[in-house]
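Chain naming here is simple, since letters A, B, ... match the order of the sequence lines and numbering starts at 1 in each. In this text, all values refer to a predicted model and were calculated from it rather than measured experimentally.
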Number of protein chains: 2
Amino acid sequence: MNIGEVSKNTGLPAKTIRYYEDIGFVTPARGDNGYRSFSEKDQHKLVFLGRARGLGFSIEDCRTLMALYEDQGRASADVKRVAQKNLSEIDRKIADLQAMRGTLSHLVANCAGDGRPDCPILEDLGRS
Amino acid sequence: MNIGEVSKNTGLPAKTIRYYEDIGFVTPARGDNGYRSFSEKDQHKLVFLGRARGLGFSIEDCRTLMALYEDQGRASADVKRVAQKNLSEIDRKIADLQAMRGTLSHLVANCAGDGRPDCPILEDLGRS
DNA sequence: ATAAGGGTTCCAGTGACAGGAAGGTCAAGC
DNA sequence: GCTTGACCTTCCTGTCACTGGAACCCTTAT
């Protein structure tokens, strides 16, 4: 399969797939014309990677997960540890964003949003 | 004031303050020795910027907000619009993260996390 | 005189790609 | 056979908001 078809099948942009090759995640064969020739297995790896990225795993975590996926003798505890670390990260980000949201939505709610210059948002940002 | 003191007062790393000068956010005077010499106003701007960044505003949004802050004839509606756009962005990010969190926490909860290789997390990532 | 602790500039790296230029390849239609 | 257009290739740059580090200068205290 050429990169275009794999892109369509996996939902990943061709640019992204080339990048994934650059960083050694897949190593597709090459045809006589120099075109990448993806096997089913290559495509499957890309699907795996796309899903893992969609769950917020970093590329490095994906590399670890892929290695575990291909290791028949893995311990599920190793997988769970990586996933839990990611989950904690996600929780931290959500908490950060919700803290921002709290302050900001309060400020927005109190701003008249009319033609006058008085604005609690700017007052808050500029208070000494 | 030298950069070190401003850094301490504002909580911003010196590196960050230099960066903010690079992108034209502040333009501190220079002493004979070449050291940056920050005025109270410079420092106040940096505090403003630090707070706005802390609320998730982009640098470009901060530039807009700063301009509005210094414009006595501004309309609060202009400020509110910028803030609401940021709020929507934050909401979108929270929603994205919560979707991830939902799937991932479900998978983590169902993973034994022991020495056996069976793992619903990998099964989900690798399903065809 | 020296050492510590400021400060300066400039260059490179981060993460995970996206955009775009310049050019090669392939299949179809005329 | 020629052209057109879609597809592919590599390579370089840019994104965002910094951060780290090297190499060097200035100030103050001992």
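Checking the phosphate oxygens (OP1, OP2) of C/dC17, a side-chain nitrogen or oxygen of A/Tyr20 falls inside 4.0 Å. The phosphate of C/dT8 has OP1 or OP2 within less than 4.0 Å of a side-chain N or O from B/Arg18. Between B/Arg30 and D/dC26 there is no side-chain N or O to OP1 or OP2 distance below 4.0 Å. At least one side-chain nitrogen or oxygen of A/Asn33 sits closer than 4.0 Å to the OP1 or OP2 atom of C/dC26. Not one side-chain nitrogen or oxygen of A/Arg53 sits closer than 4.0 Å to the OP1 or OP2 atom of C/dG15. Here B/Ser58 does not reach the OP1 or OP2 of D/dC16: none of its side-chain N or O atoms lies under 4.0 Å away. A close approach under 4.0 Å does occur between a side-chain nitrogen or oxygen of A/Arg36 and OP1 or OP2 of D/dT9. Between A/Thr16 and C/dA18 there is a side-chain polar atom (N or O) within less than 4.0 angstrom of OP1 or OP2.
Between B/Tyr69 and B/Phe48, the ring planes lie tilted relative to each other; the angle falls in the 30° to 60° range.
Between B/Glu5 atom CD and C/dG6 atom P there is a gap of 12 Å when expressed in whole angstrom units. Atom CD1 of B/Ile3 is separated from atom P of D/dC18 by 14 Å (rounded to the nearest Å). Rounding to whole angstrom units, CG of residue B/Leu49 and P of D/dC18 are separated by 8 Å. In this structure, A/Tyr19 places its OH atom 10 Å from P of C/dT14, rounding to the nearest Å. Per the geometry, CZ belonging to B/Phe25 stands 15 Å off C1' belonging to D/dC18, to the nearest Å. Rounded to an integer number of Å, the gap from CD of B/Glu21 to P of D/dA17 is 18 Å. Between the CD1 atom of A/Ile17 and the C1' atom of C/dA18 there is a distance of 14 Å, given to the nearest Å. Atom CZ in B/Phe57 sits roughly 13 Å away from atom P in D/dA17 (whole-Å rounding).
Salt bridge absent: A/Asp42 and A/Lys45 never bring a charged side-chain N and a carboxylate O closer than 4.0 Å. Salt-bridge annotation for A/Arg18 and A/Asp22: absent, with no side-chain N of the basic residue lying under 4.0 Å from a carboxylate O of the acidic one. A salt bridge does not link B/Lys85 to B/Glu60: none of the charged nitrogens lies less than 4.0 Å from a carboxylate oxygen. Electrostatic pairing of B/Lys8 and B/Glu5 does not count as a salt bridge here, judged by no charged N lying under 4.0 Å from a carboxylate O.
For A/Lys15, counting side-chain heavy atoms from C-beta on, the closest listed nucleotide (C/dT9, C/dA18, D/dT9) is C/dA18.
End-to-end axis angle of the helix from C/dA1-D/dT30 to C/dC30-D/dG1, using five pairs per end and rounding to 10°, comes to 30°.
By the 4.5 Å heavy-atom criterion applied to side chains, A/Cys111 and A/Pro120 are counted as neighbours. Residues A/Phe57 and A/Thr64 are not in side-chain contact: their nearest non-hydrogen atoms beyond the backbone lie 4.5 Å or more apart. At a threshold of 4.5 Å between non-hydrogen side-chain atoms, the residues B/Arg74 and A/Leu122 count as touching.
Between A/Pro13 and A/Tyr35, the one whose closest nucleotide on DNA chain C sits nearer the 5' end is A/Pro13.
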